[in-house]
Amino acid sequence: MGGMFIDIGIPEDYKTAQHSIPEWIKKEKKPALFIDKDGTIIEDTGYTHGPKITIIKETTEVLKKYSQKGYHIIMITNQAGIAKNKFTIQDMTDNIDSIVNYYKKEGVIFDDIEYCLYHPQAEIKEYKYISLLRKPEPGMLLKASEKIKIDFASSIFFGDNKKIDNINLPYLKSIIR
Ligand SMILES: [Mg+2]
């Protein structure tokens with residue numbers, strides 16, 4: 001937490017807190033560029049995994065721009081291939097590491113990376129689950145917002161699939177203070 005302390009047991013401080021706390025929260029929050037992985041950051045080869053990646057160059061320019069603007073850069077990716085036994089968590093990690101390393105050289109750091117391992121038609125029993133983490137559900141974004149203060153109203157979701165990447169950010173703003 002930051003260095004501010006207000007004793008709301010003191011009437012004057014309580015009065016101050018009514019406006020200073022919301023202002024402080026607002027100032028602390030920055031917008032995020034939430035970004036999908038497969039088909040957005042890298043070419044989607046179908047259950048894309050492993051260290052070999054093909055970067056989508058146009059996306060690099062977008063990430064550089066928003067990173068320089070001060071947006072949090074947060075990767076949000078459904079990884080049903082693990083539930084469906086197409087590849088392992090290590091294969092996914094190798095894939096993400098390649099992306100992170102490429103972007104580090106481009107001057108872009110990912111503030112957070114969230115992935116969903118679950119799928120209702122999973123082959124692996126422990127991942128057979130209707131999860132609120134799986135896009136288009138907003139769970140991964142909420143999970144990120146527990147770690148990083150995010151201003152959802154001015155955030156953007158950048159993806160390649162209208163059905164699952166079109167997450168209602170103003171709605172999240174209405175439920176997250
Ligand atoms: Mg995609």
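Sequential numbering from 1 along the given sequence is applied to the chain's residues. All ligand and atom numbering here is 1-based and tracks the order in the structure.
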Sequence neighbours left out, cut at 3.5 Å: what donor-acceptor pairs do the side chains of residues 115-129 make with other protein atoms?
| from | atom 1 | to | atom 2 | distance (Å) |
| --- | --- | --- | --- | --- |
| His119 | ND1 | Gln121 | N | 2.9 |
| Lys128 | NZ | Pro120 | O | 3.1 |

Is the distance from the Mg ion (ligand 1) to some N, O or S atom of Asp44 under 2.8 Å?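 Checking the Mg ion (ligand 1) against Asp44, no N, O or S atom falls under 2.8 Å.
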At less than 2.8 Å, would any N/O/S atom of Asp160, backbone or side chain, sit next to the Mg ion (ligand 1)?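 For Asp160, the answer is yes, given that an N, O or S atom comes within less than 2.8 Å of the Mg ion (ligand 1).
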Does any part of the side chain of Phe152, heavy atoms only, come nearer than 4.5 Å to the side chain of Pro170, both counted from C-beta?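 Not in contact.
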With under 30° as parallel and over 60° as perpendicular, where do the rings of Tyr71 and Tyr66 fit, or are they tilted in between?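 Ring orientation, 0 to 90° scale: perpendicular.
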To the nearest 0.5 Å, what is the distance between CG on Leu172 and CD1 on Ile167?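 Taking CG in Leu172 and CD1 in Ile167, the distance rounds to 7.5 Å.
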Only N/O/S atoms count here: what is the atom of Asp36 closest to the Mg ion (ligand 1) called?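 That would be atom OD2.
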Asp38, N/O/S atom nearest the Mg ion (ligand 1):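 Atom name of the closest N, O or S in Asp38: O.
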